[in-house]
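Input: a single structure, listed below in structure tokens.
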2 protein chains.
Amino acid sequence: MTAKGRGGAAPRLPRRLAGGRPKGEQLREILEGLASSLPPGSALPSERELADRYGVARMTVRGEIDRLTGEGLTYRQHGRGTFVAAPRVAQAVALTSFTEDMRSRGMEPSSQVLDQELVEASSILAARLEIGPSAPTMRLDRVRTADGIAMAFERAYLPAARFAGIESTDFSRASLFELLAERWGVVLRDADQRVVATAIEGEQAALLEVAEGEPGLRFQTLTRDAHGAPVYYAISLYRGDRYEIDLRQVRGDGRARA
Amino acid sequence: MTAKGRGGAAPRLPRRLAGGRPKGEQLREILEGLASSLPPGSALPSERELADRYGVARMTVRGEIDRLTGEGLTYRQHGRGTFVAAPRVAQAVALTSFTEDMRSRGMEPSSQVLDQELVEASSILAARLEIGPSAPTMRLDRVRTADGIAMAFERAYLPAARFAGIESTDFSRASLFELLAERWGVVLRDADQRVVATAIEGEQAALLEVAEGEPGLRFQTLTRDAHGAPVYYAISLYRGDRYEIDLRQVRGDGRARA
DNA sequence: CTACCACACTGGTCTAGACCAGTTGCGGGG
DNA sequence: CCCCGCAACTGGTCTAGACCAGTGTGGTAG
């Protein structure tokens with residue numbers, strides 16, 4: 001038969017659907033399992049074959065494959081079949097903290113505070129943070145690690161007047177995001193970031209445990225709260241061999257919901 | 001009738017579907033128009049009413065509303081109805097071509113074609129482009145320049161079967177984006193991008209006129225059309241000293257996909 | 001007046017077919 | 001030997017019902 005090998009590649013599927021739960025729901029789980037266990041490009045059984053095997057109407061099968069295809073797990077080719085899609089990168093343009101970012105990549109984040117002190121804002125920094133010139137700011141230097149491996153060096157500046165007592169807060173354990181939310185009720189909303197490729201040199205090469213001149217990503221980030229007021233400005237240097245940016249770009253109208 | 005006012009709020013809808021084109025497709029356009037012209041929270045006509053009005057089966061209506069709901073234009077409430085969803089916040093990172101990107105930075109883009117030929121897709125590439133294994137693809141190597149200065153090296157792969165005659169098209173002048181739109185009517189919608197920092201080595205260092213080992217940004221981009229079908233896959237290498245990424249991140253609901 | 005229940009709506013699931021439209025392989029004719 | 005056409009697959013669209021499951025309302029019994 002021409003469809004040989006399709007079913008054969010499937011890892012031991014249930015043969016019948018249980019009663020009680022909607023058939024489509026059960027079918028969907030089976031198909032999700034199939035799609036996630038097969039390599040990209042593999043063919044799924046045909047709609048008619050699935051309908052026949054599980055004793056449901058073809059429209060029921062189609063409905064579930066429609067869902068999978070809409071989610072990007074599979075794709076269809078008219079006249080050829082339905083295939084497992086290559087995994088898409090996550091929606092990574094969302095504003096996340098280093099802590100959230102690393103956890104979403106399956107690693108355990110931590111930090112080592114190198115330096116933490118009050119300094120006067122330079123004129124450039126004051127302008128960015130929208131505070132008065134020479135206003136007190138807290139400068140926080142940290143090495144960010146994931147699973148114990150140095151991932152990035154980060155220097156953050158926060159307006160000290162707005163966050164009373166911040167200079168004596170212990171940042172070695174808590175996430176900056178979480179502390180701002182818990183102690184000062186700050187809801188971070190958006191950030192402007194500038195990213196350039198750069199060579200890692202000198203002291204930072206030592207901190208990140210890489211050879212001089214190795215490539216890295218330098219982020220300049222200005223994060224704002226729900227009112228649009230700047231909360232902190234940070235410069236981060238990520239190791240090029242251990243960090244990547246995943247972007248999902250949308251053209252034009254880019255509709256979706258709030 | 002209880003459903004009064006639903007239809008009344010609708011801005012003069014066509015009463016019949018034309019022949020020739022699929023009914024679902026026409027229905028979809030009507031519903032999209034409805035959803036975009038009504039304020040968020042408005043109720044759409046019920047599925048049975050729409051089916052009745054346009055003389056189609058309710059399953060046909062449901063299929064299209066499924067699509068709209070999947071795209072986030074509408075949402076459903078069991079027992080109550082289907083409603084127009086609130087528009088999502090604008091997507092910050094817009095999908096642009098190199099041409100548009102450079103012009104927006106105030107530079108004049110150009111390209112130099114290094115190589116252009118038909119090759120068989122590797123299994124990995126075929127899976128990414130969602131085409132059959134060993135299907136013909138056009139490989140296009142270019143150096144992208146801005147104001148006459150080498151900015152990036154780019155290798156793009158396009159499915160040749162879909163774009164008849166593409167292998168003999170001159171890409172030294174025209175933008176790939178524009179050509180795809182004009183000659184093949186392709187509307188690019190979104191792209192997944194992976195960005196890593198890397199050292200520029202060997203031949204590519206020569207092409208970009210930088211010293212060996214200088215830092216650069218490597219992009220892997222999969223661009224899709226309005227139907228979600230992959231259009232091309234590209235690997236680009238940008239000079240680290242001449243290119244930067246500007247991001248605007250928004251803290252969202254973290255809408256996820258697999 | 002209130003509490004409850006039946007009914008008329010809504011969407012949710014599912015069936016068992018129909019026919020159309022691409023793709024592919026195989027066999028026969030030139 | 002090559003090419004063409006047919007047959008057997010694939011997904012794409014659509015029908016005309018069925019019954020289930022929530023929601024909301026209005027009338028009726030207490």
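Computed from heavy atoms alone, side chains included, the values below leave out hydrogens, waters and symmetry copies. Note on naming: letters A, B, ... go to the chains in the order of the sequence lines (proteins, then strands), and numbering restarts at 1 for each one.
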(request) Would you mind telling me which residue lines up with the more 5' stretch of DNA chain D, T60(B) or G79(B), judged by nearest nucleotide? (result)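 Its nucleotide being nearer the 5' end, the pick is T60(B).
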
(message) Return whichever of H78(A) or M59(A) has its heavy-atom-nearest nucleotide of DNA chain D closer to the 5' end.
(response)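 Per heavy-atom nearest nucleotide, the more 5' residue is H78(A).
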
(message) Can you see if the side chain of R80(B) gets near the phosphate of dG24(D) - specifically, an N or O under 4.0 Å from OP1 or OP2?
(response)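 Result: yes.
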
(message) Just N and O in the side chain of R58(A): are any of them under 4.0 Å from OP1 or OP2 of dT15(C)?
(response)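 It does not, given that no N or O in the side chain of R58(A) lies less than 4.0 Å from OP1 or OP2 of dT15(C).
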
In whole angstrom, what separates [X]'s [atom1] from [N]'s [atom2]?
{"X": "I65(A)", "N": "dT13(D)", "atom1": "CD1", "atom2": "P", "answer": "14 Å"}
{"X": "Y54(B)", "N": "dT15(D)", "atom1": "OH", "atom2": "P", "answer": "14 Å"}
{"X": "E64(B)", "N": "dT15(D)", "atom1": "CD", "atom2": "P", "answer": "11 Å"}
{"X": "F83(A)", "N": "dT23(C)", "atom1": "CZ", "atom2": "P", "answer": "11 Å"}
{"X": "R62(A)", "N": "dT15(D)", "atom1": "CZ", "atom2": "C1'", "answer": "15 Å"}
{"X": "Y75(B)", "N": "dT10(C)", "atom1": "OH", "atom2": "P", "answer": "17 Å"}
{"X": "D52(B)", "N": "dC9(C)", "atom1": "CG", "atom2": "P", "answer": "13 Å"}
{"X": "Q77(B)", "N": "dG24(D)", "atom1": "CD", "atom2": "P", "answer": "8 Å"}

(request) Can you label the angle between the Y238(A) ring and the F98(A) ring as parallel, tilted or perpendicular, going by 30° and 60°? (result)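 Correct class here is tilted.
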
(message) Classify the ring geometry of F219(B) against Y243(B): parallel below 30°, tilted from 30° to 60°, perpendicular beyond 60°.
(response)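 Ring orientation of F219(B) relative to Y243(B): perpendicular.
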
Kindly point out which of [options] is positioned nearest to the side chain of [X]?
{"X": "V56(A)", "options": "dC14(D), dT15(C), dG11(C)", "result": "dT15(C)"}
{"X": "P22(B)", "options": "dT10(D), dT13(D), dT13(C)", "result": "dT13(D)"}
{"X": "R48(B)", "options": "dT10(C), dT15(C), dG11(D)", "result": "dT10(C)"}
{"X": "A57(A)", "options": "dG12(C), dT13(C), dA16(C)", "result": "dA16(C)"}
{"X": "S46(B)", "options": "dT13(D), dG11(D), dT10(C)", "result": "dT10(C)"}

(message) Does G55(A) reach a base, just sugar-phosphate, or nothing at all? Heavy atoms under 4.0 Å.
(response)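 Sugar-phosphate, backbone atoms only, no base.
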
(message) Donor-acceptor check, side chain of Q26(A) to backbone of R21(A), threshold 3.5 angstrom: yes or no?
(response)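 Here the side-chain-to-backbone pair exists.
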
(message) Nearest heavy atom decides the nucleotide; on that basis, is E25(A) or E47(B) closer to the 5' end of DNA chain C?
(response)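 Result of the comparison: E47(B).
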
(request) For T169(B) and R183(B), test the side chains for any donor-to-acceptor distance below 3.5 angstrom and give the result as yes or no. (result)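 The criterion, which ignores hydrogens and geometry beyond distance, is satisfied for R183(B) and T169(B).
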
(message) Please give me the minimum heavy-atom distance between L207(B) and A150(B), naming the atom from each residue.
(response)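 Minimum heavy-atom separation between L207(B) and A150(B): O-CB, 3.9 Å.
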
